[in-house]
Amino acid sequence: MNIIVCLKQVPDTEAPIRIRPDGTGIDETGLNLVMNYYDEHATEAALRLREQFGGTVTAVAVGPERAREALRQALAMGADEAALLRDPQLDGADHLQVARALAAFITPRTPDVVICGKLSTDDNAAVVGPALAEVLDLPQATAIARLEVDPNRARATVHRELEGAVEVLEVPLPALFTVERSLNEPRYPSLPGIMKAKRKEIAVMDLAALGLSPEEVGSPGAVLERLTSPPGRTAGVQVNGAEPEAAVEAIITFLSERAKVL
Amino acid sequence: MAAGAGLSEVWVLVAHEGGAVRKITSELLGKARALAGGGRVVAVLLGAGVPDPARTLGRRGADEVILVDDARLAHYTTEGYAAALAHLAAEGPPALLLIGSTAQGRDLAPRLAARLGAAVVTDCQSLDVADGALVATRPMYTRKAIGTVRLGPGQMWIAVALPAVFPVPAETERTAEVRSAALPAEIRIRTRVVETRAIERETVPLTEAEVIVSGGRGLRGPENFPLLDALARALGAAVGSSRPPVDSGWVPHDYEIGQTGKTVSPQVYIACGISGAPQHLAGMSGSKFIVAINKDPNAPIFQLADLGVVGDLFEILPRLTEAVKRRKAVG
Ligand SMILES: Cc1cc2nc3c(=O)[nH]c(=O)nc-3n(C[C@H](O)[C@H](O)[C@H](O)COP(=O)(O)OP(=O)(O)OC[C@H]3O[C@@H](n4cnc5c(N)ncnc54)[C@H](O)[C@@H]3O)c2cc1C
């Protein structure tokens, strides 16, 4: 089975971020960057399919030089190959442009399955996956919580969580999936895996190498103009050391007079 | 408020379930009306055998309903909906298509954008038109930043809006005209919906709730979630949780609020036995008001709670439920 997993390197969500004074982005100095959380689940899903059916797992990322680290992690987890798509024209690309670059890499590799995380925790957009499915002309299922591929690899049965319901879908392969965290528990890279990953070559491709002209990638339709800090929240009233009855009274008063829901 | 004359035409994709139009649709119709000014607001209703929606949708601000009633749209599928909307847009695309941020909306919008070559922005919490561009703000970096995204002129825009950020507009006497449209004979839908299993829930969906009662590790076990259910029933609220109750299997996965769960912005969020980790705040710090009940006076949640109550939730919750019931009985 030929499996492609798309991933991104993002700031660790545990750490605070610093917005650059001019609001053009975040200051990356000293920032801990990691593989996007959901992409770990995507990589795990890819590896499990390979364990079940054989074949290869190729990890691909669009991003700057530093994104190699995330690809290195995928290799350490067990991916066979990795490629970094990097081009000045992709700096400031919107999600549809990223999808077009990924598609140019993926199409000639005729995958059986393409797997992405359900979103990346930096921009939270959840756009690249379904847009990529469209460019690749593959059926899709997003934010899947369960994945089973039938023994003759013709179709997958997946579960998606909707608001208040679980949807069971049958999807013919080849297909693209974006994955929810409840799909699996990502493995930690093993020591031999890490050693092996260090020796592996990460292919770097620019748009020319992908056979894409600047026109085909186009210009961004959506542009991030600036980042600002969210409106600060400050602590309000604290009720401490009150009897439960008094605490309840304070909550009731708050709900009716401030929040006006009672 | 949008400056100038407003957009010529704004479409709203109607989210519906079991014959009922979901609340997000009303929120989007209100926003569409504001952005369109004197322009046209069109509600697009896709389905099979859906009841006549003209009155409800008109009252919330639609001038017109485009109804595509087709057996192939009986269930939502990405390709069925994308084909239907692409077909309608081919006859004359709107300036802007608004879609609610539901599991289906998020599944559909990017695919449709890629198909139509439209610009797309998701998770919008504000939308305005300025200098011919659509300007949206959205939480990013797990809500540690707000991004302002600009979709330039000369292209169709698709915006996916978060639930419960735009107010439901007051009802008017308007009745929308209904125009039926047909799907092309050949559309390709490769996925098949085998079944949709409802998760039994006594209360309202989290993303639509005005009040959310949420429990964390402080609840100690599944046997104590009924304390939250009872309070939620009394308040007409939804029940959510932090991540540990989900990971421990006390509650289903769809309860989870936070970075790896849902993003909610209710009028009031009542956090019970939740410490306030950054990943949890990522999902709920956009709430209008936050009430926290925690026995640890130094719990980080108190730094952003409008009302912080230091105390034992097991003593407070049952009494609170009774007090709410008493109050409702009077009022
Ligand atoms: C990549 C990643 C993603 C994550 N995503 C999420 C997410 O989406 N959502 C999420 O919630 N977490 C998420 N987490 C986990 C997060 O870091 C915290 O571990 C989690 O939010 C803690 O949940 P909690 O507040 O319920 O538990 P705790 O931090 O253990 O807090 C329990 C609280 O209950 C209080 N308490 C105990 N008993 C009582 C009592 N009788 N009465 C009153 N108070 C009591 C305690 O004082 C304490 O403050 C994520 C973590 C990682 C690494």
Side-chain angles (χ1 to χ4, degrees), chain A residues 11 13 16-17 19 37 96 99 121-127 130-131 133-135 139-143 160-172 181-182 221-230 233 235-240 244-245 247-248 250-252 254-255 258-259 261-262, chain B residues 78 102-103 106-107 110-111 113-115 119-123 140-151 155 190-199 201 205 207 210-211 253-254 259-260 267-268 279 285 289 291 297 302-311 315-316 319-320 323 327:
Chain A
T13 57
I17 56 162
I19 296 171
Y37 175 79
L96 299 188
T121 56
D122 52 355
D123 56 27
N124 221 66
V127 168
E134 173 66 17
V135 185
Q140 76 185 48
T142 52
R160 297 181 63 221
E161 284 167 9
L162 312 179
E163 292 75 22
V166 172
E167 180 184 68
V168 183
L169 274 182
E170 207 174 80
V171 189
R181 78 174 181 93
S182 44
V223 178
L224 177 64
E225 280 200 321
R226 68 179 173 278
L227 287 180
T228 48
S229 295
R233 292 198 83 110
V237 187
Q238 199 179 77
V239 178
N240 199 343
E245 284 73 17
V248 164
I251 298 172
I252 293 284
F254 182 89
L255 292 180
R258 288 280 311 279
V261 293
L262 256 187
Chain B
T78 322
T102 60
R106 286 189 298 273
D107 181 75
R111 180 139 199 162
R115 185 167 301 183
V120 62
V121 57
T122 56
D123 269 8
M140 293 175 65
Y141 296 98
T142 50
R143 264 186 197 273
K144 291 171 200 148
I146 303 294
T148 302
V149 177
R150 185 175 181 275
L151 279 55
Q155 53 184 350
R190 288 170 283 189
T191 53
R192 190 174 74 82
V193 180
V194 180
E195 62 173 320
T196 306
R197 293 180 202 149
I199 301 171
R201 268 285 178 96
T207 48
E210 204 191 350
V211 182
H253 182 250
D254 73 330
Q259 179 196 322
T260 47
Q267 177 75 8
V268 189
Q279 294 93 352
S285 60
F289 293 102
V291 176
F302 286 134
Q303 286 165 25
L304 72 164
D306 300 286
L307 175 64
V309 174
V310 182
E315 292 185 0
I316 293 171
R319 291 176 170 85
L320 181 57
R327 188 155 178 121

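Throughout, a chain's letter reflects where its sequence line sits, starting with A, and its residues are numbered from 1.
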Top contributor to chain A interface from B/Val194, B/Leu151, B/Val309 [non-hydrogen pairs under 4.5 Å] = B/Val194
query = What is the distance from atom CZ of A/Arg160 to atom OG1 of B/Thr191, rounded to the nearest 0.5 Å?
reply = 9.0 Å
key: Under 4.5 Å from any heavy atom of chain B - which part of A/Ile19   = side chain
remark   = Checked A/Ala133, A/Ala141, A/Pro11 vs chain B; the most non-hydrogen pairs under 4.5 Å come from A/Ala133
query = To the nearest 0.5 Å, what is the distance between OG1 (A/Thr121) and NZ (B/Lys144)?
reply = 8.0 Å
inquiry  = With a 4.5 angstrom heavy-atom cut-off, is it the side chain or the backbone of B/Thr148 that approaches chain A, or both, or neither?
reply    = both
Contact winner vs chain A - B/Leu320, B/Asp306, B/Thr122, heavy-atom pairs under 4.5 Å = B/Asp306
task = Spell out, as yes or no, whether a donor-acceptor pair under 3.5 Å connects the side chain of B/Gln267 to the backbone of A/Ala259.
result = yes
request  = Please look at A/Ala125 and chain B and tell me whether the side chain, the backbone, both or neither of the residue comes under 4.5 angstrom of a heavy atom of that chain.
outcome  = both
key: Interface residue of largest heavy-atom contact number with chain A, from B/Thr196, B/Ile316, B/Asp254, B/Ile146, under 4.5 Å   = B/Ile146
Contact class of A/Arg258 relative to chain B, heavy atoms under 4.5 angstrom = both
key: When A/Pro172, A/Ser229, A/Ala250 are compared by non-hydrogen pairs under 4.5 Å with chain B, the top option   = A/Pro172
Closest non-hydrogen atom pair between A/Ala222 and B/Ala119, with its separation = N-CB, 4.4 Å
note = The interface call for B/Ala305 against chain A, heavy-atom contacts under 4.5 Å, is backbone
note = From the list A/Thr142, A/Val168, A/Ile17, A/Val248, the residue making the most non-hydrogen contacts under 4.5 Å with chain B is A/Val168
query = From B/His253 NE2 over to A/Glu161 CD, what is the distance, rounded to the nearest 0.5 angstrom?
reply = 5.5 Å
remark   = Heaviest contributor of heavy-atom pairs below 4.5 Å to chain A, chosen from B/Arg143, B/Arg319, B/Glu315, B/Gln155, is B/Arg319
ask   = Which answer fits B/Asp107, side chain, backbone, both or neither, if we ask what part of it has an atom under 4.5 Å from a heavy atom of chain A?
value = both
request  = Below 4.5 Å from any heavy atom of chain A, which atoms of B/Val211 appear? Answer side chain, backbone, both or neither.
outcome  = side chain
message = Under 4.5 Å from any heavy atom of chain B, what part of A/Arg181 do you find: side chain, backbone, both or neither?
response = side chain
request  = Go through B/Val268, B/Asp123, B/Thr260 and name the one with the most non-hydrogen pairs under 4.5 angstrom from chain A.
outcome  = B/Thr260
inquiry  = Please classify the contact of A/Leu96 with chain B as side chain, backbone, both or neither, using a heavy-atom distance under 4.5 Å.
reply    = side chain
ask   = Under a 4.5 Å heavy-atom cutoff, which of A/Ile252, A/Leu255, A/Val171 has the most pairs with chain B?
value = A/Ile252
query = For A/Pro230, is it the side chain, the backbone, both, or neither that has a heavy atom closer than 4.5 Å to a heavy atom of chain B?
reply = both
note = Given B/Glu210, B/Arg190, B/Met140, B/Arg115, the one with more heavy-atom pairs under 4.5 angstrom with chain A than any other is B/Arg190
message = With chain B as the partner, which of A/Pro16, A/Ala99, A/Gly236 has the greatest number of non-hydrogen pairs under 4.5 Å?
response = A/Gly236
key: Nearest-0.5 Å distance that lies between atom CD in A/Glu167 and atom CZ in B/Arg197   = 11.5 Å
request  = Would you sort out whether B/Leu307 and A/Val239 count as a side-chain contact (heavy atoms from CB on, under 4.5 Å), showing the intermediate values?
outcome  = CA-CA 8 Å; B/Leu307 175 64; A/Val239 178; 3.9 Å; yes
request  = Using a cut-off of 6.0 Å, state whether more than 12 heavy atoms not belonging to A/Arg233 lie near its atom CZ.
outcome  = yes
key: Sidechain-backbone polar pair: B/Arg106 side chain, A/Ala143 backbone, donor-acceptor under 3.5 Å   = no
note = Correct closest heavy-atom pair for A/Glu134 and B/Ala114 would be CG-CB, 3.6 Å
message = At a 4.5 Å cut-off on heavy atoms, which part of B/Thr142 comes close to chain A: side chain, backbone, both, or neither?
response = both
note = Bottom line for B/Gln259: the part with an atom under 4.5 Å from chain A's heavy atoms is both
query = Taking the side chain as C-beta and beyond, is there a heavy-atom pair between A/Leu227 and B/Tyr141 under 4.5 Å?
reply = yes
ask   = Is any side-chain heavy atom of A/Val127 less than 4.5 Å from a side-chain heavy atom of B/Val121?
value = no
